[in-house]
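Every number for a ligand or one of its atoms is a count from 1 in the order of the listing.
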Amino acid sequence: MSVTASPPAVRSFCITRSAKIVSRPRVVMAVRSNTISAASILTKLQKDCATPLPVLRHVSDAMADDMRAGLATEDGSDLKMILSYVDALPTGNEKGLFYALDLGGTNFRVLRVQLGGKEERVISTEFEQVSIPPELMFGTSEELFDFIASGLAKFAQKEGGKFHLQQGRTRETGFTFSFPVKQTSIDSGILIKWTKGFAVSGTAGKDVVACLNEAMKRQELDMRVSALVNDAVGTLAGARYWDDDVMVAVILGTGTNACYVERIDAIPKLQGPSSKSGRTIVNTEWGAFSNGLPLTEFDREMDAESINPHEQIFEKTISGMYLGEIVRRVLLRMAEGAELFGHSVPEELLMPFALRTPDICAMQKDTSKDLEEVGLILYDVVGVNSCTNARKVVIDVCDTIAKRGGRLAGAGIVGILQKMEHNSKGLIFGKRTVVAMDGGLYEHYPQYRRYLQEAVTELLGPEISRNIVIEHSKDGSGIGAALLAATNSKYGHDF
Ligand code: BGC
């Protein structure tokens with residue numbers, strides 16, 4: 001059975017759902033030959049997804065090698081290793097009113113923050129979140145940027161209370177744009193490609209800050225973009241504001257990415273003046289990594305039918321947009337080939353992306369004997385009637401996919417740390433080093449988090465891993481972008 005390729009609906013990773021039974025017209029399909037058992041499909045899946053220590057080690061070593069290759073030359077590796085132009089991180093001295101605009105998934109967020117320097121730190125913040133109508137994800141660049149500029153303009157109009165702009169100044173904003181961008185300066189960058197299900201026409205190859213500036217002009221909004229940052233970079237800056245040991249940031253949400261603090265002399269491809277600090281943040285765009293990943297036929301089929309085949313393979317294996325879809329594909333095979341859910345296959349199970357990662361996460365939370373919640377979710381979401389044994393198989397499938405994702409993400413983190421340690425012996429593994437994590441997948445999926453941590457500990461051993469602190473930094477990227485707007489303010493640091 002071939003599943004029609006349609007652009008996946010991206011939904012934000014939010015795990016609260018009511019698993020209520022809804023009655024719906026259900027179209028059923030005849031089952032094909034029943035030649036294999038669900039147990040044998042599961043066993044093969046577990047074998048293909050296995051991540052024993054040698055596989056993890058291969059992935060972390062390959063990640064470090066790909067990073068080096070990407071730092072040596074442009075297009076030298078799957079990993080773009082994008083220079084962020086963030087050479088100075090927030091110190092705590094930042095003062096004044098700054099905005100941030102965050103575009104990265106199904107929602108965009110606007111935020112303002114009043115910074116009060118070392119003493120007062122963050123005096124006040126306010127934010128609003130607006131969901132992006134799905135049609136805009138497939139529309140034109142102008143439509144998308146007009147929509148976000150108008151949201152920002154409306155938000156700016158409501159400024160008051162504890163927020164005040166110093167006289168004679170133009171409002172400044174950080175722009176978190178969570179797609180691969182080739183930065184050309186701290187406040188400009190060319191979109192390389194869309195990811196995470198976006199397919200907006202007319203933006204690739206363009207400066208996204210220019211697109212935003214033009215849209216702001218159309219909205220008559222007088223605001224200057226002082227910093228263009230990726231969400232991983234924003235997270236690192238936001239976490240570093242509170243903790244000097246933060247050296248790496250990782251996003252595990254709808255999509256995935258990682259960035260870290262690199263020494264300028266370890267970046268052969270860097271031309272032109274080097275940073276005063278001798279360091280800079282590098283955005284790895286590790287979602288494009290692909291070397292030696294344990295992939296299955298389900299991954300390959302999903303990739304082939306995606307809107308970006310052969311791209312973002314690590315992202316498609318470990319991130320929130322895809323885990324539920326991989327599980328759905330396995331369940332469909334079990335339903336069609338092994339009658340896991342009886343003689344028929346509900347139409348809903350045929351729909352790409354019908355099962356979301358929050359659904360598999362919610363099912364894994366069910367510890368009841370009959371797995372009642374699992375039954376409800378299966379019925380509610382993919383129209384499946386299930387017995388307890390079938391539900392157990394479903395949980396095993398979810399666990400296999402979450403385990404592979406979490407462990408591979410952990411191996412990726414170790415790859416980055418290894419690369420950093422290699423350059424600066426002892427400065428990473430020999431002292432407290434913090435990896436700031438953000439994203440709904442990491443935040444809401446406890447099993448995934450546990451698998452990630454286990455892989456890090458297995459790879460580094462108990463002693464070194466005690467120094468590596470993996471810390472959730474919730475919504476750090478918005479405030480991080482506002483802080484970077486402050487650090488890169490045209491009014492300088494002379495507040
Ligand atoms: C994008 C990255 C982004 C990540 C997390 C990926 O699809 O390529 O730029 O940081 O998602 O949002």
Side-chain angles (χ1 to χ4, degrees), residues 7-8 10-14 66 70 77-86 100-109 129 132 137 174-183 189-200 203-204 208-209 227-239 248-260 281-290 302-303 306-323 325 357 405 409 412-413 416 435-443 472-478 480-481 484:
V10 190
R11 281 166 284 183
S12 60
F13 193 98
C14 155
D66 278 10
S77 127
D78 279 349
L79 268 56
K80 291 253 170 296
M81 304 302 282
I82 296 168
L83 307 175
S84 66
Y85 290 84
V86 174
L101 174 63
D102 193 336
L103 177 69
T106 40
N107 297 312
F108 87 91
R109 297 197 336 145
Q129 182 158 306
I132 299 181
M137 290 166 53
F175 181 18
T176 307
F177 185 77
S178 307
F179 300 93
V181 158
K182 179 165 178 13
Q183 294 254 172
I190 311 289
L191 176 67
I192 300 171
K193 61 181 181 186
W194 290 104
T195 55
K196 295 178 280 196
F198 275 68
V200 176
T203 331
V208 290
V209 175
L228 169 67
V229 294
N230 180 268
D231 51 353
V233 176
T235 300
L236 200 154
V248 181
V250 175
I251 305 289
L252 284 164
T254 306
T256 184
N257 197 6
C259 70
Y260 70 107
I281 299 182
V282 175
N283 166 13
T284 65
E285 284 293 336
W286 80 357
F289 176 78
S290 63
M302 179 180 72
D303 176 48
S306 70
I307 56 172
N308 54 351
H310 312 303
E311 289 179 4
Q312 300 294 100
I313 302 300
F314 196 46
E315 179 160 277
K316 286 172 180 159
T317 319
I318 71 167
S319 87
M321 179 160 166
Y322 302 99
L323 300 188
E325 171 61 5
T357 304
I413 292 173
I416 293 182
V435 180
M437 309 287 297
D438 200 6
L441 177 61
Y442 184 79
E443 183 180 357
H472 182 215
S473 153
K474 191 171 164 49
D475 297 332
S477 77
L484 288 172

Between the side chain of Asn257 and the main-chain N/O of Ala232, is any donor-acceptor distance below 3.5 Å?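 No, the answer is negative, given that no donor and acceptor are paired below the 3.5 Å cut-off.
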Would Lys193 count as a cation-pi partner of Phe179, with NZ or CZ less than 6.0 Å from the six-membered ring centre and within 45° of the ring normal? no
Below 4.0 Å from any atom of ligand 1, is there a heavy atom belonging to Gly287? no
Please classify the Pro180 to ligand 1 contact at 4.0 Å (heavy-atom distances, strictly less than): side chain, backbone, both or neither. both
Considering the options Leu484, Val209, Thr176, Val86, which one meets the side-chain contact (heavy atoms from CB on, under 4.5 Å) requirement together with Leu228?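 One option only clears the test, and that one is Val209.
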Tell me, which protein residue and heavy-atom name are nearest [atom], and how many Å apart are they?
atom                    : value
atom 6 (C) of ligand 1  : Glu315 OE1, 3.0 Å
atom 11 (O) of ligand 1 : Lys196 NZ, 3.2 Å
atom 5 (C) of ligand 1  : Asp231 OD2, 3.3 Å
atom 9 (O) of ligand 1  : Glu285 OE2, 2.6 Å
atom 4 (C) of ligand 1  : Thr256 O, 3.5 Å

Hey, does Ile82 have a side-chain heavy atom less than 4.5 Å from the side chain of Ile192? yes
4.5 Å side-chain heavy-atom contact, Leu101 and Phe108: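 Of all side-chain heavy-atom pairs linking Phe108 with Leu101, at least one is under 4.5 Å.
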Are Asn283 and Lys80 linked by a side-chain donor-acceptor pair shorter than 3.5 Å? no
Atoms in ligand 1 flagged as close to Thr195, the criterion being non-hydrogen separation under 4.0 Å: 1 (C), 6 (C), 7 (O), 8 (O)
Counting each atom of ligand 1 from 1 as listed, which ones have a heavy atom of Asn257 under 4.0 Å away?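 Listed by number with element: 2 (C), 3 (C), 4 (C), 9 (O), 10 (O).
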Distance (rounded to the nearest 0.5 Å) between Gln312 CD and Trp286 CH2: 12.5 Å
